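If you're wondering where the values come from, they're calculated on a predicted model, not measured in any experiment.
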Amino acid sequence: MALFRHSAELLPERKDNVVIEFKSLNRNEHRIRRGRKFGRITKQRFSVWLTVLAVLFLIYLIFFSIKMLFHGKMEGGISTSIQVQQEIMGVDELDVLRQAKSKHRKKYPPCEVGLSDSVDHLVDAKDFVNFTQFSLDYIDKEEKPFGKSLSRFGGQQSLEEREKSFYARNQTLHCGFVKGPEGSPSTGFDLDANDKTYMNTCKVVVSSCIFGNSDFLRRPTSKRISEYSKKNVCFVMFVDEQTLSKLSSEGNFPDDGGYIGLWKIVVVRNLPYKDMRRTGKVPKFLSHRLFPSSMYSIWLDSKMRLNTDPMLILEYFLWRMRSEYAISNHYDRHCVWEEVLQNKRLNKYNHSAIDEQFNFYQSDGLTKFDPSDPNNPIPSYVPEGSFIVRAHTPMSNLFSCLWFNEVDRFTSRDQLSFAYTYLKLRRMNPDRPFFLNMFKDCERRALAKLFRHKAVPSLPPAP
């Protein structure tokens with residue numbers, strides 16, 4: 001037992017023990033403080049991460065709720081509810097759409113096309129095919145003032161005039177390029193006089209267009225085009241001034257003859273529509289009006305580069321098949337109901353305008369495509385409209401005018417109006433055949449290389 005003095009000092013043995021114990025206590029206390037500090041830091045970090053995760057989850061919930069609530073909402077502020085879609089489309093189509101969202105993008109390879117080896121000794125089918133004959137004239141001027149709700153370029157076709165125009169007979173009908181009363185401003189699609197003179201000389205035409213600088217200029221593969229076609233086929237690219245300026249800034253200058261490669265550049269001024277897609281339907285459907293002396297035309301969307309001689313295309317898709325109009329089926333969809341739903345899902349056009357057009361077609365007899373029906377007149381009700389091969393026969397020209405008038409009256413989504421126009425023309429002229437060849441989409445892919453559009457034109461405003 002340690003002894004104490006009467007003074008405040010401790011004996012040496014006791015003093016040493018106390019110092020050792022005091023240092024030990026200090027070390028333990030330091031460890032405890034450090035542990036508490038580490039614990040506080042860990043808890044703080046955990047709280048921060050937990051808060052971040054909670055915020056992200058909340059944002060996801062808000063975004064998902066808005067997406068579900070306003071699915072299909074357009075720039076014009078018009079949305080279509082799931083209930084309305086079910087009433088119009090049916091539950092089956094909505095289920096197909098939901099399943100399609102989870103699938104990866106499919107690949108659609110080209111397939112073999114039995115083209116001739118050479119352009120020599122090709123035989124034109126017009127010499128031994130009796131296509132329907134009648135005379136068409138076109139309304140080029142209207143004296144009545146233009147209404148606000150109807151296109152000026154397409155004229156003011158009444159529903160009665162529209163109905164009568166489907167008869168394959170001698171007639172004068174609306175088909176674009178309609179002028180107003182004397183002194184009225186131009187209705188659009190103005191061309192230079194020299195370009196018109198050149199276009200009047202064309203007998204076989206390959207045409208395309210770029211409006212609103214929406215795509216790159218893709219030249220036909222020159223080494224795959226025969227010398228005969230280079231001399232006898234007109235390759236015409238329609239552009240507006242904005243696109244021409246952009247092409248020039250990229251180093252694509254037309255030469256003295258107005259050519260960039262094989263393309264003859266034709267500048268269109270005063271575009272007839274604000275919607276660039278609708279403007280593009282003018283050269284797409286009305287080649288028989290733009291090239292009045294032509295016998296054949298091939299339409300090529302600007303997203304494609306032609307890799308095949310045009311004369312071989314005419315021989316295979318028209319002459320050999322005894323056809324006057326050739327277009328490929330869609331690579332994925334075959335029913336207009338599916339196409340309507342897809343256009344809404346991707347917000348391709350104002351939903352109420354699509355509904356108006358679709359309801360009108362149903363009331364006039366449009367039915368769903370039944371792939372099991374052996375009596376289907378064509379293998380699909382939805383085309384892939386980026387590649388069209390035409391003979392400029394009366395029935396082909398009439399069909400092109402009718403299809404254009406539907407695009408002018410309703411939406412610019414021409415895949416919605418193709419089947420209706422074709423079936424109605426066929427129904428109203430049972431004794432006057434229209435020889436349409438709907439070929440496989442894989443054949444279309446074998447003829448030209450496909451690219452993505454550079455830009456998507458802005459959505460048209462709500463009507």
Side-chain donor or acceptor of Asn429 paired with backbone N/O of Phe166 under 3.5 Å:
yes
Exercise for the section: Could you label the plane-to-plane angle of the Tyr422 and Phe434 rings as parallel, tilted or perpendicular, counting under 30° as parallel and over 60° as perpendicular? Expected result: tilted
Can you see whether Tyr349 engages Gln357 through a side-chain donor-acceptor pair at a distance of less than 3.5 angstrom? no
Tested for salt bridge (Lys or Arg N to Asp or Glu O under 4.0 Å) against Lys281, the lone hit among Asp414, Asp301, Asp275 is Asp414
Residues pairing under side-chain hydrogen bond (donor to acceptor under 3.5 Å, both in side chains) where one sits in residues 307-318, two or more places apart or in two chains, turn out to be Ser116-Glu315, Thr221-Asn307, Ser226-Asp309, Ser229-Asp309, Glu315-Arg320, Tyr316-Glu443
>> salt bridge (charged side-chain N to carboxylate O under 4.0 Å, His left out), that's the test. Do Lys424 and Glu163 meet it? Break it down for me.
In response: CA-CA 10 Å; Lys424 185 176 177 68; Glu163 186 72 14; 3.1 Å; yes
Fill in: N/O donor-acceptor pair under 3.5 Å between Arg278 side chain and Tyr273 backbone
no
query: Does atom NZ of Lys230 have more than 12 heavy-atom neighbours, drawn from other residues, nucleotides or ligands, at distances under 6.0 Å?
result: yes
Looking at side-chain heavy atoms only, is the closest gap between Ser208 and Arg218 below 4.5 Å?
no
Q. Heavy atoms, side chains only, cut-off 4.5 Å: are Asp192 and Val267 in contact?
A. no
query: Would you find a donor on one side and an acceptor on the other, under 3.5 Å apart, between the side chain of Asn232 and the backbone of Val204?
result: no
From CA spacing to verdict: side chain to side chain contact (heavy atoms under 4.5 Å, CB included), Asn252, Arg219
CA-CA 11 Å; Asn252 291 313; Arg219 309 182 190 186; 3.3 Å; yes
Next item on the list: Could you tell me whether the side chain of Thr197 and the main chain of Ala193 form a donor-acceptor pair under 3.5 Å?
Entry: yes
*Check: Asn359 side chain, Asp355 main-chain N or O, donor-acceptor pair, under 3.5 Å*: yes
* **Heavy-atom side-chain contact between Ser302 and Phe211 under 4.5 Å** => no
Taking every heavy atom of Val407 against every heavy atom of Ser412, the minimum-distance pair comes out as CG1-CA, 3.8 Å
- Query: Are the ring centres of Tyr325 and Phe399 closer than 6.0 Å?
  - Reply: yes
CE of Met237 to CG of Leu300, rounded to nearest 0.5 Å, is 7.5 Å
For residues Thr201 and Ser293, determine if any side-chain heavy atom of one lies less than 4.5 Å from a side-chain heavy atom of the other. no
Q.
Can you tell me if Tyr228 has over 12 outside heavy atoms packed within less than 6.0 Å of its OH?
A. no
For Val282 and Pro272 the tightest heavy-atom approach is CG2-CG, 4.4 Å
Original post:
Looking at Tyr331, is Arg445 sitting on its ring face, NZ or CZ under 6.0 Å from the six-membered ring centre and within 45 degrees of the normal?
Top reply: yes
Nearest heavy-atom approach of Leu173 to Cys401 is CD1-CB, 3.9 Å
The reported gap from NZ in Lys264 to CE in Met199 (rounded to nearest 0.5 angstrom) is 10.5 Å
Going through the distances and angles, do Glu142 and Arg152 end up as a salt bridge (charged side-chain N to carboxylate O under 4.0 Å, His left out)?
CA-CA 10 Å; Glu142 290 182 335; Arg152 296 187 302 164; over 6 Å; no
**Prompt:** Side chains of Asn329 and Ser380: is there a donor and an acceptor less than 3.5 Å apart?
**Reply:** no
d(Ser135 OG, Gln171 CD) to nearest 0.5 Å is 9.5 Å
Q) When you look at Leu423 and Tyr381, which way does the side chain to side chain contact (heavy atoms under 4.5 Å, CB included) test go after all the steps? A) CA-CA 9 Å; Leu423 295 172; Tyr381 283 180; 3.8 Å; yes
Report task. Determine whether Leu217 and Trp263 make a side-chain contact, defined as any pair of heavy atoms from C-beta on separated by less than 4.5 Å. Result -> yes
Axial cation check for Tyr167 ring with Lys164, 6.0 Å and 45° limits: no
Would a distance-only check, ignoring hydrogens and angles, find a side-chain to backbone donor-acceptor pair under 3.5 Å from Lys344 to Ile354? no
Backbone N/O of Leu318 and side chain of Ser323: donor-acceptor pair under 3.5 Å:
no
Donor-acceptor list for residues 254-261 side chains, cut-off 3.5 Å, not counting sequence neighbours:
from	atom 1	to	atom 2	distance (Å)
Asp255	OD1	Gly257	N	2.9
Asp255	OD1	Gly258	N	3.0
Asp255	OD1	Tyr259	N	2.8

Show me, pair by pair, the donor-acceptor contacts under 3.5 angstrom made by side chains of residues 387-397, not counting sequence neighbours?
from	atom 1	to	atom 2	distance (Å)
Arg390	NE	Ser396	OG	3.3
Arg390	NE	Ser400	OG	3.4
Arg390	NH1	Phe285	O	3.2
Arg390	NH1	Ser287	OG	2.9
Arg390	NH1	Ser400	OG	3.4
Arg390	NH2	His288	ND1	3.3
Arg390	NH2	Asn397	OD1	2.8
Arg390	NH2	Ser400	OG	3.4
His392	ND1	Ser294	O	3.3
His392	ND1	Ser294	OG	2.8
His392	NE2	Ser287	OG	3.3
His392	NE2	Ser297	OG	2.8
Thr393	OG1	Glu324	OE1	2.4
Thr393	OG1	Ser396	N	3.3
Ser396	OG	Ala391	O	2.9
Asn397	ND2	Thr393	O	3.3

Rounding to 0.5 Å, atoms CG (Leu341) and CZ (Phe358) come to a distance of 9.5 Å
For this session: May I ask you to check whether Phe317 and Phe439 place their ring centres under 6.0 Å from each other?
Result: yes
Determine whether more than 12 heavy atoms belonging to other residues, nucleotides or ligands lie under 6.0 Å from atom NZ of Lys449. no
Output for pair (Arg444 CZ, Glu384 CD), nearest 0.5 Å, gives 3.5 Å
ask   = Under 4.5 Å between any side-chain heavy atoms of Arg409 and Arg162, yes or no?
value = yes
From the list Val205, Ile298, Ile225, side-chain contact (heavy atoms from CB on, under 4.5 Å) partner of Phe235 resolves to Ile225
Practice item. For the pair Arg413 (side chain) and Asn343 (backbone), establish whether a donor and an acceptor sit closer than 3.5 Å, ignoring hydrogens and angles. Key: no
Let me see the working for Leu416 and Glu406 under side chain to side chain contact (heavy atoms under 4.5 Å, CB included), right down to the final yes or no. CA-CA 9 Å; Leu416 300 178; Glu406 294 304 295; over 6 Å; no
In short, Ser165 meets Gln157 closest at the heavy-atom pair OG-NE2, 3.8 Å
Quiz item: So do the side chains of Lys348 and Gln342 get within less than 4.5 Å of each other, counting heavy atoms only?
Solution: no
Do Pro220 and Val206 have side-chain heavy atoms sitting under 4.5 Å apart? no
Between the OG atom in Ser245 and the CG atom in Asp240, the distance rounded to the nearest 0.5 Å is 10.0 Å
